[in-house]
Structure formats: structure tokens, C-alpha cells
**Q** 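Input: one structure, supplied below.
Chain A is the first sequence line, chain B the second, and so forth, proteins listed ahead of strands; every chain is numbered from 1.
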Amino acid sequence: MKGQTKEKDHLKDSESVLTDIALNAQLADYSPVKGCMVIRPYGYAIWENIKAILDKMIKDTGHENAYFPMLIPESFLQKEAEHVEGFAPECAVVTHAGGKELTEKYVLRPTSETIINHMFAKWISSYRDLPLKINQWANVVRWEMRTRLFLRTTEFLWQEGHTCHASFDEAQEETLLMLSKYKELLEEHLAVPVHTGMKTESEKFAGAHSTYSIEALMRDGKALQAGTSHNLAQNFAKAFETKFTTENNQQDFAYQTSWGVSTRLIGAVIMGHHDEIGLILPPRIAPYQVVIVPILKKNDENILVLTEAKKIIEELKALNISYKFDDRDNISQGIKFNEYEQKGVPIRLVVGPKDLENGFVEIHRRDTKSKEKDVPRAGIAERLKSLLDTIQKDLLQRALDYRKEHTQTVKNLDELEDVLNNKTGFARAMWNGDVALEALLKERFKASIRCIPDQRELDAKIIPCIFSGIVYQNNKEILIAKAY
RNA sequence: CGGGAUGUGGCUCAGUUUGGUAGAGCGCUGUGUUUGGGACGCAGAGGCCCUAGGUUCGAAUCCUAGUAUCCCGACCA
């Protein structure tokens with residue numbers, strides 16, 4: 001009892017919500033190395049589910065998986081000026097191996113544009129070799145000063161897509177296509193609504209021509225960049241001489257893209273769906289969608305209960321519902337209930353002797369915390385299947401409603417301050433594009449321009465630039481928020 | 001890299017002020033009684049007290065240095 005109260009109080013403290021949920025739900029644990037985490041089986045299962053969905057999307061859009069090495073010659077990073085400047089401070093470097101100091105140092109990949117371009121240059125010679133569309137699932141290392149479980153760890157897992165095209169427009173099309181796939185992944189499967197849009201110069205990827213991102217809103221009112229897609233144009237191709245012969249027998253540099261999402265998505269799910277008890281998982285990525293808890297009594301009734309539970313399991317399997325059957329007899333059901341609630345299992349199905357006698361079972365919905373007794377045993381699998389769909393939809397709707405409540409249009413800095421400090425969430429505004437004013441946002445409000453959204457909602461002829469107060473039709477619409 | 005906190009059985013911590021050779025709760029093992037929302041009894045196992053020096057007859061405790069992790073800022077997916 002004491003433990004329960006303590007945990008609940010803990011969760012109210014928003015600063016430790018992420019840590020508490022990740023640890024309590026056994027998604028991850030701290031490693032002996034600063035900033036690194038161990039992804040535990042339950043957390044990794046979520047990643048595997050996300051990975052399976054996205055991997056199919058990637059393949060369905062014509063990409064192939066490959067694997068490039070983790071060690072990159074240090075000189076590679078230096079070939080692209082902006083790139084080295086952006087990544088040098090956060091690179092871990094291998095200086096010794098085989099008991100000797102290395103002549104050329106190796107960088108643990110912070111991202112793979114350089115080594116991949118080195119290979120692309122060898123593989124591409126003609127426009128007939130294009131487009132070349134590669135993806136890899138890998139780990140990367142970025143020596144961040146401050147880390148948080150899932151949201152920012154020293155080593156993390158991700159996928160990075162790298163493509164080469166014969167024209168800028170084709171690369172641009174690819175950049176936006178993958179951005180839209182990310183949006184689909186987040187909204188349809190993780191139930192996390194996102195804004196798509198372009199990053200400002202100061203926020204774009206080091207070495208890119210332009211960067212697009214998906215921006216999600218967490219339940220604490222902060223924004224999270226949940227994925228990025230870059231049009232690299234010819235920046236890396238020029239640095240690595242990734243050239244091809246055109247149809248007209250001219251030499252041209254390849255037009256490239258890169259795009260990635262990481263285990264940060266699990267952080268997005270945690271911070272996007274939770275309550276005072278703990279995690280709430282969307283059914284489509286839950287390691288198990290239903291947990292079956294039998295009520296055991298150490299007598300003949302158990303045989304009935306266990307036999308019936310096994311039958312239900314067969315029915316769930318037939319409908320492709322993933323499940324966990326917890327028949328441990330040394331733990332009371334109360335503890336089990338609490339454990340699976342903290343883990344965010346979408347539905348709990350309780351199978352007990354008294355209910356079964358009357359042909360009933362009991363269902364508990366994690367997202368609404370509602371319990372339904374006397375649910376007919378007959379047709380339970382179909383009932384659960386449709387309930388899972390409902391939960392998936394409701395979670396997205398809940399997040400959409402939350403985002404709507406926490407998005408305001410602001411016309412001046414006072415209104416912005418009110419949103420950032422009191423209402424929290426996104427502020428939608430107009431901006432004249434002045435970089436100095438963007439920097440002021442960070443200094444004065446500790447907020448940033450999350451993106452120039454694709455979905456415009458403001459009228460540039462009416463809403464003035466939030467900094468200058470001037471109305472001008474070429475002002476850009478922006479989304480401002482405090483971010484992770 | 002600054003600021004703060006903390007390193008004691010698997011976990012959460014007490015003990016440190018005032019040195020005397022280590023405790024509690026939970027968990028774990030066995031066993032019995034329980035069982036429809038966090039049960040209880042009995043019997044057990046389990047600890048280089050972060051590391052290295054120093055002071056002392058004697059250090060978890062005092063001194064010095066180091067180290068690690070967490071939290072808060074500057075940097076970032």
C-alpha cells in the first residue's frame with residue numbers, strides 16, 4: 001500500500017515522469033556507462049513492433065536494407081564542412097586498437113552520410129544506377145552532455161535511409177514522401193499526432209540543403225522532434241565525388257536524401273500517453289495487447305479456469321491478438337493488475353470461477369481505467385478485437401484534443417510568453433525570417449521555432465510578424481514551443 | 001563544462017553529528033494458512049559499507065584525493 005502511494009506521488013512530479021515510467025514499466029534500465037541505457041525485453045519488444053511496421057513501409061516504397069560499419073575514418077567527417085562542424089563535438093573517437101595507437105583515428109558513427117557516400121561513389125556511374133535507395137537499421141553514438149532515457153541517450157538505435165537521385169526535384173519528392181511515411185507511422189500506429197514542416201536554417205541538419213521534421217506535443221506541454229527527413233541536394237555528393245553520367249553524357253553529382261527515426265519514438269509514446277499510474281500503450285505497438293489474469297484458488301476450480309483460459313487464448317490467436325497469460329500462483333491478482341497497468345497493457349481480461357459459472361469474464365481498459373463486469377464469454381475474442389481498435393482510435397483522438405487545447409495563435413511577444421509559461425504547448429505565429437529574432441526566442445523564452453508547418457492556418461495579410469509587428473504577405477508561418 | 005545530490009544485502013533506505021567491526025522494510029528460498037484490487041505466520045540465504053591513501057588500539061562513521069551515477073543549466077535526434 002505504501003509503495004503504491006509513493007509511486008503515484010512520484011508520477012505527479014513531471015520532471016521524473018519519464019524516468020519513473022521507463023523504470024517501473026521495465027522498458028529500460030541504466031547501464032554502468034554514463035548516458036547509456038539497457039533496453040529491457042518489454043521495451044525492446046515495443047521497438048521491434050515499431051521497426052516491423054516501419055520496415056514494411058520502407059520496403060513498400062522501394063528501399064532495400066543494407067548495413068554499413070560502425071567505425072568511420074575520422075577524415076571522412078571532415079570532408080563536408082558544415083557536417084564536421086556540427087558533429088565533431090559529439091563524436092566518440094577510437095584512438096587505440098590491437099594494443100597500438102592507430103595511424104588514422106576512427107569515429108563511432110554519429111550518422112552514416114559520409115561512409116555511405118564513400119560507397120555510393122563506387123557504386124554509381126550512370127543515371128541508369130539511379131535512383132539508389134538504401135536503408136539501414138543500426139546503432140549510433142552521440143556524446144551528448146545531458147541524457148534522458150529514450151529521448152536522448154549516448155548510444156541509440158535508429159534507421160537511417162540514404163538515397164541518390166538524378167535530380168533535385170526527385171530528391172525533394174523522396175524527402176517529403178518519407179516525411180509523410182513517418183507521419184503515418186506516428187499517427188496511425190503510435191497514436192501520436194505530428195506536425196510536418198521545414199526546419200529553419202539554424203535548426204537544420206549539419207550538411208543538409210533543407211531539413212523537414214515531424215513535431216509531436218508531449219503531455220507536459222513540450223514539443224518533441226520525433227523524426228527528420230533531409231534533402232541533402234549535392235552537398236555530400238560533391239564532397240565525396242558521388243558522380244554519375246546523365247542521359248546527355250554529362251557528369252553530374254547525385255542528388256541525395258537521408259531520413260531517420262530512432263528509439264526516441266518510444267520516448268514519444270511514453271511522454272505522449274501516460275497517466276498517474278504509468279504508461280498507456282497504443283494497441284498496435286503493445287508487446288501484448290491483452291493480459292489474461294486467471295483467478296486461482298488452489299482447488300478444483302482452477303482446472304476449470306485454466307482450461308477456459310487456454311480456450312480463450314486459442315480464440316485470441318485465431319484473431320491475431322497478442323496476449324500474455326499470467327498464471328503465476330505465488331502472486332496475488334492485485335499485484336498483477338498493478339504491474340500490467342504500469343506497463344500500459346491496453347486490455348486486462350480477468351477469468352474467474354464465479355464469472356465463468358455464469359458465462360462471463362471481466363474486461364478492464366487501461367486508457368480509460370474503466371472496468372466492465374459480466375462480459376459474455378461467448379465471442380470474447382471479437383469483442384476484444386474491436387475494443388483494441390476503439391482504444392487505438394481513442395488514444396489518437398485524446399492526443400489530438402490535447403494538442404488542440406494547447407495550441408494558440410500569438411500576435412506579439414506578450415501573448416507568446418503567456419502560451420509558453422502558462423498555457424504550454426505550441427504557439428502559432430508569423431515571422432519575418434530574421435535569424436537574430438529567432439535567437440532571441442532561445443535566450444528570452446528558452447523556446448525555439450519547431451518548424452515552418454506544411455499545414456498553414458494563419459493569414460499573412462492579417463497576422464503580423466510576432467517580433468517586428470509588421471504585416472507582410474511573405475512572412476513565414478511558424479510553430480514555436482519549448483522542446484526536448 | 002559549471003551547480004546540486006547520492007554511492008551501505010537484489011531494491012528503497014536508516015546508521016555517519018558523538019569511531020567500538022552493520023540494521024529495517026520490500027524482494028528472494030523453503031513451508032503452512034490465504035486468495036474476485038497491492039494477504040499473513042514460521043524458518044532461512046544474502047553485505048570487499050564506491051576506490052585509494054591517511055589519522056587511530058580500532059573507521060561505514062573523521063581527514064585527503066580520486067571515481068561513478070542521478071538531477072538542474074549551456075549542446076543535441
**Q** Can you find a heavy atom in the side chain of A/Lys354 that is under 4.5 Å from one in the side chain of A/Ile295?
**A** no
**Q** Name the stems that RNA chain B belongs to, where each is three or more consecutive Watson-Crick or G-U pairs with both distances under 3.5 Å?
**A** B:1-7 with B:67-73, B:10-13 with B:23-26, B:28-33 with B:39-44, B:50-54 with B:62-66
**Q** Compare every heavy atom of A/Pro283 with every heavy atom of A/Gln289, then report the nearest pair and how far apart it is.
**A**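 So the minimum-distance heavy-atom pair works out to NE2-O, 3.1 Å.
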**Q** As a test of understanding, state which of A/His162, A/His63, A/His230 forms a ring-ring contact (aromatic ring centres under 6.0 Å, His included) with A/Trp259.
**A** A/His63
**Q** Pick out the pairs of N or O atoms, protein on one side and nucleotides 30-36 of chain B on the other, that lie under 3.5 Å.
**A**
unit_1 : atom_1 : unit_2   : atom_2 : d
B/U34  : O4     : A/Lys298 : NZ     : 3.4
B/G36  : O5'    : A/Gln333 : NE2    : 2.6
B/G36  : O6     : A/Pro353 : N      : 2.9
B/G36  : O6     : A/Lys354 : N      : 2.1
B/G36  : O6     : A/Asp355 : N      : 3.1
B/G36  : N1     : A/Asp355 : OD2    : 3.4
B/G36  : N2     : A/Asp355 : OD2    : 2.5

**Q** Is any side-chain N or O of A/Tyr182 closer than 4.0 Å to OP1 or OP2 of B/A77?
**A**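 The answer is no; no side-chain N or O of A/Tyr182 sits under 4.0 Å from OP1 or OP2.
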**Q** Got a sec, which residues hit salt bridge (Lys or Arg N to Asp or Glu O under 4.0 Å) with A/Arg383, two or more places apart in sequence or on another chain?
**A** A/Glu372
**Q** Determine the interatomic distance between C1' on B/G3 and the same-named atom on B/C11; round to the nearest Å.
**A** 29 Å
**Q** Rounded off to whole Å, could you give me the OH-to-C1' distance for the A/Tyr30 and B/U6 pair?
**A**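 Rounded to the whole Å, the gap is 13 Å.
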**Q** Whole angstrom is fine here: how far is it from CH2 in A/Trp143 over to P in B/A74?
**A** 21 Å
**Q** Grab the NZ-P distance between A/Lys336 and B/G38 for me, whole Å please.
**A**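 So the NZ-P distance, A/Lys336 to B/G38, works out to 14 Å.
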**Q** Ignoring the backbone of A/Phe337, work out which of B/A77, B/G37, B/G38 is nearest its side chain.
**A** B/G37
**Q** Counting only side-chain heavy atoms from C-beta out, which of B/A77, B/C70, B/A74 sits nearest to A/Lys446?
**A** B/A74
